[in-house]
Structure formats: C-alpha cells, structure tokens
Engineer: 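Take a look at this one; I'll ask things after.
We name chains A, B, ... by the order of the sequence lines, and we start the count at 1 in each one.
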Amino acid sequence: MAEKLKGKGVISGVAVGKIMLAGQNLDGYLKDYKPKKKIEEEKKVAADALVKVATNLVKTIEDLNKKDMKEQAAILEAHRMMVEDPAMSGLIDEKVDETSSAPRAVLDAYETQAKMFEQMEDEYFRARAVDMRDVGKRIAKFILGIKEPEIGEGKVIVAGMEIEPSVIAGLPSDKIAGVILGQGSTTSHAIIIAKTRAIPSIVGVGDAIEKMADGDPVIIDGETGDILIRPTATERAEYDVKIKKQEELKAHYAELKEKPAITTDGQTVVLAANIGSPADVDAAANYGAEGVGLFRSEFVFMGKTDIPQEEEQFKEYRAAIEKCKGHLCVIRTMDIGGDKPLPYIQVGQEENPFLGYRAIRISLQREDLFIPQLKAILRAGVYGKAGIMFPMVINVAEFKAAQEMVEKAKIELAHEGKDYSDNVQLGIMVETPAAAVMTPILAKYVDFFSIGTNDLVQYTLAVDRGNAQISYLYNHFNPAVLRLIKRTIESANKEGKWAGMCGEMASDPNAAIILMAMGIKELSMSAPSIPRVKEKIRSVSSIEAKEILDKVMEMEDGDEIRNYLKTIKTI
Amino acid sequence: MAAEATTTIENKQGIHARPASLFVQTASKFKSKIKIKAKGKEVDAKSILMIMSMGLVKGTEITLVAEGPDEAEAVQALKELVDSKFNEADA
C-alpha cells in the first residue's frame, strides 16, 4: 500500500513523478550544527564556503552557457556577484561574532541585505531580495553539507514546506510534473507560477511533507488533493486510466485551440483571457485565447510601498499588449478599495468598503495616480491594440470625467514629446445596476461595455457572495440579472458599439449559449476555461440559441433557469 | 596620496542593474582601493550591493576616490565609464 496524504488541490490534473525536495527548512540542521571552538576558525569556515560556492557557480554558469541557456546563466551570474561581493564578507564576520555559527551568520547577513532591498523604491531592486535569500541559503546549505536538489532522468514533483519562486522558475517546464506545498497559501508565488504553467499542485499538506524522501515515486491528483507516496502497481494502474483520460481531453482541447468560436451557422464570438500580469498572456495563448478582455492592473499597484511610476507601468502594459499580437488588450484601471488598501491610498475605515471609496471614485480624485496610469496605457497602445476600461462607473458624468483625464494625459504626453496611440478604445465595466440601467445613454459615449458579473450579481441581488448562509441566492441566472445583461448587450449593439463579459459567468458554457443569443461579442475568462466554452458554442446554431433564450426569458426563477440549461444536450 | 575625480551621473536609468555590474567589473580590474562618495555616504566601489543600495539616480553627483598602485588609472577609467553614460543606447 502506498502512503496516502491529503492536501488541498489548487491546480487540477493528475501527475506522476519522483519527489524532489526543495525549500527545506534548515532549522533542524542549524540546531545540530557544531561550530568550531575558536571564532576565527568559524569565520574561516564561512570565508571558505564563499570561495567554494562561487567556484561551483562559475562551473554551472559555463555549463549553462554551453547549453545556450543564457537567461538562467545570467541569473546565476548575478548570484555569483552576490557571493563574491566584498561587502558581504565583512557583514558575515560581524554576524559570526554575534552568533558563533557560520551557517547562521551567512543566513543573517543575506537576510539583512534582503530587507534593505525590499525597502527600495525600484521594483527591480525589490525583486532582488528573493535572490539574496536564495544565495544565503545556498551558502548555508553548503556549510551544512546539504545537497542541492538535482534533476535526474524523468519528471519530478517538487515538494517542500515552502518553495522559493526561483526554484520553480529555474526548472525547465517539461521536467516539473507537479508541486506539493506544506503551507496552505494558494497565492504564494510558487503557486502563481505553477498556475500559469498549468502544473498540477496541492497545498496545505503540513508536516506530513516530511514523510517524503528525495526520489520517492509519487502520484498526485490536483483535483482531489490526494497524494500517493510509493504507489503499488495496482494503484499506479488505476491512475494511469485517469491520466489517459486527461491526455485525451488535453489532446481534444489542443485540437480546438486553432478552431474559431463559431456556432454551427456562423455566429462568432471572441474568447479572450483575464490576466494579472503580462506573463499570463503566453499561458492564455496555449488555450487559444484571442487577446485579453481584462488585465487587472491592480497587481502593478499591490505589494508596493510607493506609487508605481509611469515608466514602470508602461513596461508592464507594453509587454502585455505586444504579447497579444494584434488582438485587443483591455486594461482595467486600478480597482482598489477599502477591502484591499494600499499604503499610499488612505481609504480609512469604512462600514462597507464595497459601497465605499474605491475604483474609479479614487482614480477621479487622485490625479497623481490616475494620470500616470493613463499615460502609461496610451504610450503602450503604440505597440498593438489597446483598450482602457473604467471600473465601478455608475453614471455618464463619471465616464465623461474619466474621458477628460484621458485627454489631459494625451496633452501631457504631447508636451513631453512622447509617442502615444490615438486609437485606444475607452469603455466601462458594467458592474453596478445603475450602469446597466443607463446603458442606452452610456452607449452613446463609450466604445465598449464589459459586463463584470461578479459584482453585478452581488449589487443587483444585495447578496454577499462570500456569505455562506445566503450563497444560495447568488446566481448569475437570476432573471433580474439576466435582464440587466440583455439590456446592456442590446444597448451596445444599437449604438454600433460592442459588449463583452469578464466576470465568472463568461466561463460558464451553459451561459455562453444565451449570451450569444443576446448578441454578445466577447467573452473573457481565466484561460483554462476557454476550450470548454468554445466547445459548447461550436455545438449549437444561433437559431437554437435564440429559442433557448426565449424560453429562459419566460422563466421566473434563477434555479429553474440553471437546471433547464443543464438539461440541454447539444450535438 | 589618493586620486580623486567628481562627476555627475547622466544616463537615464542611473546606476541600475546593468550599469552597476559594469561599474563593479571595471573597478575590480584595479588593485587600488576605490570608493564612491555621494549623498554624504561612502561605499566600496567593488561592491555591487553597496553601490546599488545608494540609489544613484540620474543627476546624482558622485566623487570617485582611489588609493593604491594604479589609483590614477582606476579613477580615470571609472569616470570615463560614467561619463559615457555606460554606453546606454537610449541614454
């Protein structure tokens, strides 16, 4: 029998491989470590380790360069400079005096440097903090006699209490079959990287992670969170069936990738991706995404102590737009509020942050934030096809005010002699009932609508989706919600504008049928949902879809509609 | 005696990643002890960490001080590197 463990599956898929332990906790090793009696000798242990680690790095860098892995080589070259830096040896000596332990001193010294980098204004320097910690750990492990994880033949499943992002980023994609994390965060950087590469992952395994040893054969199921260490042949066979099914589905979806989202009688819709960073565009393209319907620009703002400057934002937006290769890339301006505060935006305590000072309401009052963001997008627009989308708009006045800001940003750019695009589309998120009701008027001004169903459902039904007691009321098929959506789409089409959707409803294949019938032009979702939605769309005709919509619009209850749509069998 | 020269950083990015490593590589070619003085601080010019920690942006005035057998050459080479704007294409 295999040893069975259970965690929380966060990225689905079955994977088989050998355990590669990473990101070990060094505490145990540090406790057992026996330092030299004389402090000077202990200092020499540290100094020697620096020389040896640097020498090893030089060899690795040469190897990488030979294999033409230039990027990985450049990262290690930076690490080598950090090891050999004259500032470090003095700092390490000081720490040896304090702790009498060479490995402890090395970790402390690099931690001190990492903290200093973290406080810097520049994003580039802040990101170097992770490298500093990596380097410190590398040297400490050398002193403690812990081997670096090595990849041999076959695929590996990386496991660790915590895994540094560089460990996953540094391994070739085709070598990592899965990820197991001891801690429970689903938003750790390691998981975020795994998500964009669709690597099956399980978190929250806890101390049980210690039951695994390097090289153990293991099977993981990222859907159920099941982990089988050293599986028997029978167990292996059982999962082989699952893997085969998964491969078939993958192959089927891969086939769909190049095919258009089109009904059997020729009505088309654009299937785009929701993204949080430019890197996501590449992953999205693998699922057949045609551009980006929602780039959540908050990520550019979050986790920073200072306002990100125009230049920094420009680079991010430009990267995303270029990666869209001619397809539209819609960037949503900052959607921040009291529930996710930033150090440089004082929202204060609010009774109800979802009805408070947030999103466009902040942007319109804070030109120091809004103008640089608009300038960055307008400049990035030169490199492809871009759209700007304002969140939380409730009336025409807000859109007009935002439009004026865009004009102001253009004038500033012209004065500064910077290139910018005059063809950037301007639209709004339709996520408040007020906006949805006013779409016949708003449609005269905007270039597009994008329906944000998560908030639209919440605001329309007065239901907090996070509240388990009333979650049965939360339903995007609620007739009131459907009427607002239908109205929005029809308003856009009447004025020759386009309406899309970027909320969760857009990834529901059953919803896609009626949305097509309403005349929607774009559905934007997290990329892995695209094949399912596309498959559904390709299975109906626009006439059938219209009939289904007519029936739905006569129904009185959201659950009835949901159940009815489930029963519809298409081809 | 020490060799000394004062100059101003004119390249767009300041002493950022690539310029900082170029600077350190150049400084490391010399035997002399070399220091950068700026903003009331003084750091080892052969330490990329110390240099990056100074936040030397465009417009910062820096003084290079070298002491050792090749001090004059060291200061001259580093000053030239800074004045050439680190050969940045878009400076």
Engineer: Within a radius of less than 6.0 Å around NZ of Lys325(A), do more than 12 heavy atoms belonging to other residues, nucleotides or ligands occur?
Structural biologist: no
Engineer: Which atom pair, heavy atoms only, marks the closest approach of Lys46(B) to Pro86(A)?
Structural biologist: O-CD, 3.3 Å
Engineer: For Val43(B), is it the side chain, the backbone, both, or neither that has a heavy atom closer than 4.5 Å to a heavy atom of chain A?
Structural biologist: neither
Engineer: Does Lys44(A) NZ have over 12 foreign heavy atoms under 6.0 Å away?
Structural biologist: no
Engineer: Locate the shortest heavy-atom distance separating Ile48(B) from Asp85(A); write the atom from each residue and the value.
Structural biologist: N-OD2, 2.8 Å
Engineer: How many angstroms lie between CE in Met52(B) and CE in Met82(A), if you round to the nearest 0.5 Å?
Structural biologist: 5.5 Å
Engineer: Are side-chain heavy atoms of Leu49(B) and Met132(A) found at a separation under 4.5 Å?
Structural biologist: yes
Engineer: Only heavy atoms, only distances under 4.5 angstrom. Which residues in residues 31-39 of chain B are near chain A?
Structural biologist: none
Engineer: Drop me the distance from Ser47(B)'s OG to Glu84(A)'s CD, to the nearest 0.5 angstrom.
Structural biologist: 12.0 Å
